[in-house]
Amino acid sequence: MSSPPRFQTRPGPAPLTAIVVGTGAMGMSWCRAVQRHPDLELAGLVDADTRRAHGAAIRLRRPDLPVAGSVDELTQVRVDAYINATPPQAHFEVTRAALRRGAAVLSEKPFAASLAEAVQLTSAARTAGLLLMISQSRTYQPGLLRLRELVAGLGRLGPVSTELSLAYRVGGFRAAMDQPLLLDMAV
């Protein structure tokens, strides 16, 4: 028998409402994923650049979608969960504000800029009894799933090692990171 979750759940058939924070490329991916999922309802968009958020609402064919410049400004919308798709330097403040609003949070990686920030957010979520998750979207990619199946068929394994070599050239916030590949892939 499994133990009950250590976070709030919401019973009933109604879809969970989600607000996506950050309407750049990753945020738009999350918006489309929320719109496709039958158990979710996109309830609003938050972006420090509200013009970009309004543009995102139009691209999503939802020009009526509530838009704000911060989590604290979008108070008229009932929300069950926030999806934090902001650049890493904003993760801590956005997640902390969402938890203060009493909602679950799914954040893009990296979790926070430091271990101290991660501990603060974890403590805040536990104290409030709220779910706090960090996305690791590559976990279920078809190639990785197939690799797991093949490895499982080999029998008992000894040490396994892997290397990733990549000329990582990107723009945006990643270009300003000291170790973009390491930090961007870190949960």
Side-chain angles (χ1 to χ4, degrees), residues 2-112 118 120-142 145 172-173 184 187:
S2 65
S3 60
R6 290 191 255 173
F7 51 85
Q8 295 175 16
T9 59
R10 192 171 58 82
L16 293 173
T17 57
I19 291 176
V20 174
V21 185
T23 56
M26 188 60 70
M28 289 302 292
S29 273
W30 277 111
C31 287
R32 290 183 185 101
V34 168
Q35 285 188 311
R36 283 191 309 266
H37 200 289
D39 295 330
L40 296 172
E41 177 186 331
L42 185 59
L45 299 173
V46 172
D47 197 297
D49 181 348
T50 55
R51 286 184 53 217
R52 181 178 12 201
H54 281 289
I58 291 166
R59 285 192 310 281
L60 293 165
R61 297 186 183 351
R62 295 278 314 276
D64 60 320
L65 207 54
V67 166
S70 76
V71 168
D72 293 324
E73 292 174 29
L74 205 56
T75 57
Q76 76 278 15
V77 176
R78 185 186 72 77
V79 61
D80 296 307
Y82 287 88
I83 299 171
N84 186 352
T86 61
Q89 66 270 20
H91 284 189
F92 178 76
E93 289 301 327
V94 167
T95 298
R96 185 168 66 172
L99 291 170
R100 277 195 307 247
R101 292 274 329 269
V105 179
L106 168 61
S107 182
E108 275 295 329
K109 59 188 174 3
F111 183 8
Q120 280 184 292
L121 293 174
T122 301
S123 177
R126 283 188 179 142
T127 299
L130 296 168
L131 179 63
L132 173 57
M133 302 178 293
I134 309 306
S135 172
Q136 180 49 283
S137 56
R138 288 170 174 72
T139 300
Y140 298 103
Q141 284 186 326
L145 292 174
F173 66 84
D184 192 42
V187 173

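In what follows, residues are counted from 1 in the order of the sequence shown. Small disclaimer: the values here were computed from a predicted structure and weren't measured. Atom set for the values below is all heavy atoms of this structure, side chains included, hydrogens, waters and symmetry mates excluded.
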Participant: For T23 versus R59, what's the shortest heavy-atom pair and its separation?
Facilitator: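 Scanning both residues, the minimum pair turns out to be O-NH2, 4.2 Å.
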
Participant: Compare every heavy atom of G102 with every heavy atom of L130, then report the nearest pair and how far apart it is.
Facilitator: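 Smallest heavy-atom distance, with atoms named: CD2-O, 3.6 Å.
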
Participant: Counting distance only, does the side-chain N/O of R96 pair as donor-acceptor with the main-chain N or O of A124 below 3.5 Å?
Facilitator: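 A pair under 3.5 Å: no.
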
Participant: Rounded to the nearest 0.5 Å, what separates atom OG1 in T95 from atom CD in Q120?
Facilitator: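 Spacing of OG1 (T95) from CD (Q120) equals 12.0 Å.
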
Participant: Where do L42 and V34 come nearest, in terms of heavy atoms and distance?
Facilitator: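 Heavy atoms only, the tightest pair is N-CG1, 3.6 Å.
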
Participant: What is the distance from atom CG of N84 to atom CD1 of I19, rounded to the nearest 0.5 Å?
Facilitator: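 Going from the CG atom of N84 to the CD1 atom of I19 covers 12.5 Å.
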
Participant: Quick one: list whatever passes side-chain hydrogen bond (donor to acceptor under 3.5 Å, both in side chains) with R78, sequence neighbours left out.
Facilitator: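 Applying side-chain hydrogen bond (donor to acceptor under 3.5 Å, both in side chains) to R78 gives D80.
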
Participant: On a heavy-atom basis, which atom in T17 and which in A43 lie closest, and how many Å separate them?
Facilitator: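 Heavy-atom minimum between the residues: CB-CB, 3.9 Å.
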
Participant: Short question: side chain of H54, backbone of V67 - any donor-acceptor pair under 3.5 Å?
Facilitator: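 It does not hold such a pair.
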
Participant: Testing the basics here: between L99 and L121, what is the closest heavy-atom pair and its distance to 0.1 Å?
Facilitator: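 For L99 versus L121, the nearest heavy atoms are CD1-O, 3.8 Å.
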
Participant: Take atom CZ of R126 as the centre, draw a 6.0 Å sphere, and report whether it contains more than 12 heavy atoms from other residues, nucleotides or ligands.
Facilitator: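 Count not over threshold, so no.
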
Participant: Test of understanding: with side-chain hydrogen bond (donor to acceptor under 3.5 Å, both in side chains), list the residues that count as partners of E41, not counting sequence neighbours.
Facilitator: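 Partners of E41 under the side-chain hydrogen bond (donor to acceptor under 3.5 Å, both in side chains) test: none.
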
Participant: Search all heavy atoms of R101 against all heavy atoms of L74 and return the closest pair with its distance.
Facilitator: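 Heavy atoms of R101 and L74 come nearest at NH1-O, 3.1 Å.
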
Participant: If you round to the nearest 0.5 Å, how far is CG of L45 from CD1 of I83?
Facilitator: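 Here the rounded value is 10.5 Å.
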
Participant: Going through the distances and angles, do E73 and V46 end up as a side chain to side chain contact (heavy atoms under 4.5 Å, CB included)?
Facilitator: CA-CA 9 Å; E73 292 174 29; V46 172; over 6 Å; no

Participant: Verify side chain to side chain contact (heavy atoms under 4.5 Å, CB included) between K109 and H91, making sure each step is shown before the conclusion.
Facilitator: CA-CA 9 Å; K109 59 188 174 3; H91 284 189; 6.0 Å; no

Participant: Take V94 and V71, measure what side chain to side chain contact (heavy atoms under 4.5 Å, CB included) needs, and give me the verdict at the end.
Facilitator: CA-CA 7 Å; V94 167; V71 168; 4.2 Å; yes

